Number of protein chains: 2
Amino acid sequence: MNASRTARERVRAELISEIKEVARRQLAVEGASGLSLRAVARELGMVSSAIYRYFPSRDDLLTALIIEAFDAIGAATENADASCPRDRHLDRWMSVCRAIRTWALAHPHEYALIHGSPVPGYVAPEDTAAPAARDGIVLAGILRDAHEAGKLAPPPAGLPPAPPSFAADAEQLREALFAPLSDDVILLALEGWTHIYGTVSFELFGMYRNVIEQDRAAAFDHVALTQAHILGLDTPTPAA
Amino acid sequence: MNASRTARERVRAELISEIKEVARRQLAVEGASGLSLRAVARELGMVSSAIYRYFPSRDDLLTALIIEAFDAIGAATENADASCPRDRHLDRWMSVCRAIRTWALAHPHEYALIHGSPVPGYVAPEDTAAPAARDGIVLAGILRDAHEAGKLAPPPAGLPPAPPSFAADAEQLREALFAPLSDDVILLALEGWTHIYGTVSFELFGMYRNVIEQDRAAAFDHVALTQAHILGLDTPTPAA
DNA sequence: GACGAAACGAGAGCGCTGCTCTTGACGACG
DNA sequence: CGTCGTCAAGAGCAGCGCTCTCGTTTCGTC
């Protein structure tokens with residue numbers, strides 16, 4: 001309906017995504033602090049000030065890349081989840097966890113962008129909230145499905161219960177994500193989520209140097225499997 | 001014995017620590033990427049090039065700060081451990097875990113320096129290895145003491161065993177840190193260590209925004225307690 | 001006690017950065 | 001056809017890490 005106006009807007013949108021692509025490539029090579037607006041402009045054959053027509057500041061470019069990174073890891077988890085039969089809850093969990101690690105190893109700088117130290121005075125804008133939640137939605141969905149199918153075992157005995165102060169947060173999370181699950185399971189789910197990313201970050205940021213050297217994939221699987229057990233996802237699947 | 005030579009060397013050492021202190025203060029305000037050699041020099045009333053007499057590059061200054069941060073968090077854990085009776089293994093564990101979180105919350109930028117994304121092409125020099133290991137030594141010591149006292153329960157049933165590929169790494173770690181503990185316990189200890197720091201990082205880097213808002217200290221305690229249980233540290237202490 | 005070497009602070013300067021402001025050209029719309 | 005918004009370009013500002021040079025001061029040694 002607006003092919004005329006679109007002519008301009010389309011070239012604009014194209015240029016924006018071209019800038020982001022060049023920036024992402026530069027980010028992958030040099031890391032976040034090495035991303036230079038001038039270098040991006042140079043590679044695009046334009047002058048540095050022209051970039052400011054599309055991104056009001058370097059931080060805004062970085063924010064765009066952060067959103068893309070969240071979306072990429074979110075899509076990776078969703079694909080991993082969808083590639084498993086819906087009733088194989090443990091397989092889905094393991095597949096999603098491995099997808100997170102695989103994506104992180106393949107895109108270390110982008111991973112660092114979203115799970116590393118936040119840049120100096122940077123506060124994540126609201127735009128990042130939705131893309132950042134996609135992995136959580138996937139993981140919570142697995143737990144919900146398992147619960148609905150009656151395949152979610154209760155947490156092992158001996159674990160401490162969720163503290164009473166968690167009740168309010170749990171209620172919020174239950175409404176948004178966790179269907180009918182108990183406070184205890186919701187808290188354990190958050191901890192599993194934290195543990196998975198903590199393990200990936202430790203591996204990626206070099207904390208396992210001289211600590212785990214042989215087979216980090218196997219060690220990661222052990223973490224994911226342990227969390228699955230704690231969450232009650234490893235009820236024996238009906239034999240063949 | 002060398003007051004003459006010391007005259008120069010003492011003022012040098014003093015200037016070095018003065019530079020580090022100013023840099024640390026600047027780091028605390030602006031974060032790692034905001035640390036500027038010129039600003040440090042300015043605050044010290046000297047010219048920027050003079051700094052290079054003491055630190056050959058900005059990265060070397062950062063490395064010095066990283067080592068200091070590792071040492072600070074190492075000392076915090078050691079103090080927390082020492083403040084508990086030696087046979088109260090669970091108390092020691094909880095105290096050390098809380099000390100890590102407390103230190104991190106009090107020094108967010110220094111924490112980010114050592115547990116955030118590594119700077120661009122930066123590889124940690126060997127000098128950081130020893131200070132970086134102090135917290136691990138403390139945590140491993142608690143497990144060793146508990147085991148020696150016959151108070152370390154075996155891991156809960158149902159958890160996956162350590163993968164065979166971990167045996168070699170476990171052997172190295174056993175020699176260095178973990179006395180006679182089994183591969184399974186060593187791997188679980190690494191995972192507990194990872195989980196603790198992962199939780200602190202998530203809290204500090206804003207991942208719990210709109211997720212855990214009420215009482216993050218209690219949630220953290222729950223993590224630490226859960227890990228203690230998995231590691232077998234929560235055998236009921238002899239009544240009173 | 002004098003001398004050479006080493007260490008030092010100051011200053012100028014290189015190339016880079018993010019960002020701002022102005023200028024002139026192009027394209028869409030009334 | 002004229003007007004107005006959008007655009008790329010260029011100059012320029014302040015800051016950065018880092019290097020080199022130049023006098024000065026301090027130290028260890030004849």
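The model shown is predicted, which means the values in this text are computed figures rather than measured ones.
- Listed by chain and number, the residues in a side chain to side chain donor-acceptor pair (under 3.5 Å) with A:H222 are B:E191 (sequence neighbours excluded).
- Sequence neighbours left out, the pairs with a member in residues 60-80 of chain A that pass salt bridge (charged side-chain N to carboxylate O under 4.0 Å, His left out) are A:K20-A:E68, A:R24-A:E68, A:D71-A:R134, A:E78-A:R134.
- If you measure from atom CZ of B:R10 to atom P of D:dT26, you get 15 Å, rounded to the nearest angstrom.
- The CD1 atom of B:I16 sits 13 Å away from the C1' atom of C:dA7 (whole-angstrom rounding).
- Regarding B:E9, its CD atom lies at a distance of 15 Å from the P atom of C:dA6, rounded to whole Å.
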List, with names and distances, any nitrogen or oxygen atoms from the protein found under 3.5 Å away from nitrogen or oxygen atoms belonging to nucleotides 25-27 of chain C.
none

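- The nearest whole Å value for the distance from the CG atom in B:L35 to the P atom in D:dG15 is 17 Å.
- Among residues two or more places apart in sequence or in another chain, the side chain to side chain contact (heavy atoms under 4.5 Å, CB included) test is passed with B:S165 by A:D215, A:A218, B:P163.
- With sequence neighbours excluded, the residues forming a side chain to side chain contact (heavy atoms under 4.5 Å, CB included) with A:A140 are A:L177, A:F178, listed by chain and number.
- With sequence neighbours left out, the side chain to side chain contact (heavy atoms under 4.5 Å, CB included) criterion links B:A104 to B:Y111, B:V200, B:L204.
- Here B:D135 pairs with B:W193, B:Y197 under the side chain to side chain donor-acceptor pair (under 3.5 Å) rule; sequence neighbours left out.
- Take B:E18 and apply the salt bridge (Lys or Arg N to Asp or Glu O under 4.0 Å) test, not counting sequence neighbours, and it matches no residue.
- Under 4.0 Å is where a charged nitrogen must lie from a carboxylate oxygen, and between B:E9 and B:R12 no such pair does.
- Between the P atom of D:dC18 and the CZ atom of B:R58 lies a distance of 8 Å, rounded to the nearest Å.
- For the segment residues 50-57 of chain A, residues with any heavy atom less than 4.0 angstrom from an atom of DNA chain C are, sorted by number, A:Y52, A:S57.
- Residues B:S49 and A:S49 each lie close to DNA chain C; by heavy-atom proximity, the contact nearer the 5' end of the strand is made by B:S49.
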Could you pull out all donor-acceptor pairs under 3.5 Å where a side-chain atom in residues 39-56 of chain A meets a protein atom, sequence neighbours excluded?
from	atom 1	to	atom 2	distance (Å)
A:E43	OE2	A:R25	NH2	2.4

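- Using a 4.0 Å heavy-atom criterion, one finds that B:L61 contacts no nucleic acid atom at all.
- Looking at heavy atoms from C-beta onward, B:I196 lies in side-chain contact with B:F220 at the 4.5 angstrom threshold.
- Whole-Å rounding puts the A:L15 CG to D:dA9 P distance at 11 Å.
- Put simply, CG on B:D59 is 16 Å from P on D:dC16, counting in whole angstrom units.
- Taking B:E203 as the reference, B:R101, B:L105, B:Y208, B:R216 meet the side chain to side chain contact (heavy atoms under 4.5 Å, CB included) condition, with sequence neighbours excluded.
- Sorted by residue number, the members of residues 36-48 of chain A with any non-hydrogen atom under 4.0 Å from DNA chain D read A:R38, A:M46, A:V47.
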